[in-house]
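Remarks on the structure that follows.
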Amino acid sequence: MSQDQPPRRSSHVEMPVAYAAVGASKDPDVVKYPPEGTTPYEEELRLGSGQDRFLIASSLLMTWGAQRGSGVRVTDIVRGTGSEYVGPSFDGDGKPEAAGDVEEQFGPDGEPYIVAGTTAVLHAEGQDPRSVLVVYTVDEERRVGFAWGTGDEAGAVGEQLFVIEHRADDTVWAVARGFVAAPKNGLLGLRGRADVRTALDAVKRGIAALAPGAQPAPDLGPSAGEQPVAVEPAAEPEPDPAAAPAPQREPAPDEAPAPEAAPAGEPEADSGDAATGPTHQRRPSKRT
């Protein structure tokens, strides 16, 4: 190794991003103590409650649902390896352990979950395309999400974390946190402030796209203990008591009953199609 280059950890991952402080969005204190020259933000939106809502929102988020649901096209996706620096780990004897394999997860339509190292290009209407790099993911029992960093200076630059939280009171929240700054193209003027505002507005639209009803929810199958509902064929319409004819003489065993003619001047009742039910709410009474 050249003496001009500092040694790197074996888990080092190149981060082709256009900002410093990579990974700073992990710390909630970044809102109070952001990197110098950046605008911090934190937005949250309640999505509902319960395990099902958490799973649905997580699946949407981890398959680009926040972006696609807010009208942003995601193209040129190059899947990463899932590698990121998470610190050393040790076995029971204190010896360093190699990092374990990343568990692959998929959405209901088969699209793989976002992993660290993934790159993509985002196309928002009326804006230049933006290249992003997923710098880390969150995969906890009650928190799921990912953070990207901007890879160009075509607008505001910085890091954005999107996460779904299933909190102790059983509520489910979409949370976005990060920091952005104007590109390094001179003094922070009107264009720079507009770029920052555009980035913050996009964050709000992204988490709003995860709200129930904002877009079709993925079909995760029946919940635990839920049985599929059997569809029964349409039943024959029951006769209206008011339309029942008066009792008549029973025919002899060898006598075939004669067909009953409709009363003169009254239309026959239409029982309707068997699939849709009767077309009349009430049949006319029959007089004897």
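Index from 1, following the sequence.
Atoms CG and CG, on Asp195 and Leu200 in that order, are 11.0 Å from each other to the nearest 0.5 Å. To the nearest 0.5 angstrom, Ser58 atom OG is 10.5 Å from Glu165 atom CD. One distance of note links OG1 of Thr198 with CZ of Arg193; it measures 13.0 Å at 0.5 Å rounding. Here the straight-line distance linking atom CD1 of Ile164 with atom CG of Leu55 works out to 11.0 Å at 0.5 Å rounding.
With 3.5 Å as the limit, one finds a donor-acceptor pair spanning the side chains of Glu159 and Ser25. At a cut-off of 3.5 Å, with distance as the only test, no side-chain donor of Tyr113 or Thr137 sits close to an acceptor on the other residue.
Residues Thr119 and Val132 have side chains not in contact (no heavy-atom distance under 4.5 Å, counting atoms from C-beta outward). Between Val74 and Arg68, some side-chain heavy-atom pair lies under the 4.5 Å cut-off. By the 4.5 Å heavy-atom criterion applied to side chains, Ser59 and Val144 are not counted as neighbours. Counting heavy atoms from C-beta on, the side chains of Phe179 and Thr39 never come closer than 4.5 Å.
Nearest heavy atoms, Pro112 versus Thr63: O-CG2, 4.1 Å. Nearest heavy atom pair, residue Ala209 against residue Gly65, reads CB-O, 4.3 Å. Across Phe54 and Glu141, no two heavy atoms sit closer than the pair CE2-O, 3.6 Å. Scanning all heavy atoms of the two residues, the minimum distance from Ala156 to Thr150 falls at O-CG2, 3.8 Å. Of all the heavy atoms in Val135 and Gly149, the pair that sits closest is CG1-N, 4.2 Å.
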Please report the C-alpha distance between Phe146 and Gln160 in whole Å, then the side-chain angles of each, then the deciding distance to 0.1 Å, and finally whether the side-chain contact (heavy atoms from CB on, under 4.5 Å) criterion is met. CA-CA 8 Å; Phe146 70 96; Gln160 302 185 0; over 6 Å; no
Would Trp148 and Leu161 count as a side-chain contact (heavy atoms from CB on, under 4.5 Å) here? Give the steps. CA-CA 7 Å; Trp148 74 42; Leu161 166 67; over 6 Å; no
Between Trp173 and Thr171, does the side-chain contact (heavy atoms from CB on, under 4.5 Å) criterion hold? Intermediate values first, please. CA-CA 7 Å; Trp173 294 76; Thr171 58; 2.9 Å; yes
Name each donor-acceptor pair under 3.5 Å that joins a side chain in residues 41-51 to protein atoms two or more places apart or in another chain, with its distance.
from  : atom 1 : to     : atom 2 : distance (Å)
Glu42 : OE2    : Arg177 : NH1    : 3.4
Glu44 : OE1    : Arg167 : NH2    : 3.0
Gln51 : OE1    : His166 : ND1    : 3.4

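Checking side-chain atoms of Thr118 against main-chain N and O of Ile114 turns up no donor-acceptor pair under 3.5 Å. Using modelled atom types, one side-chain atom of Ser70 and one backbone atom of Ala66 make a donor-acceptor pair closer than 3.5 Å.
With sequence neighbours left out, the side chain to side chain donor-acceptor pair (under 3.5 Å) criterion links Trp64 to no other residue.
Criterion: ILVMFWY side-chain heavy atoms under 4.5 Å apart, direct or through other members. Under it, Leu133 and Val121 are not part of a common hydrophobic cluster.
A salt bridge (charged side-chain N to carboxylate O under 4.0 Å, His left out) check over residues 115-130, counting only residues at least two apart or in different chains, returns the pairs Arg130-Asp152.
At most 12 heavy atoms of other shown residues, nucleotides or ligands fall within 6.0 angstrom of atom CD in Glu36.
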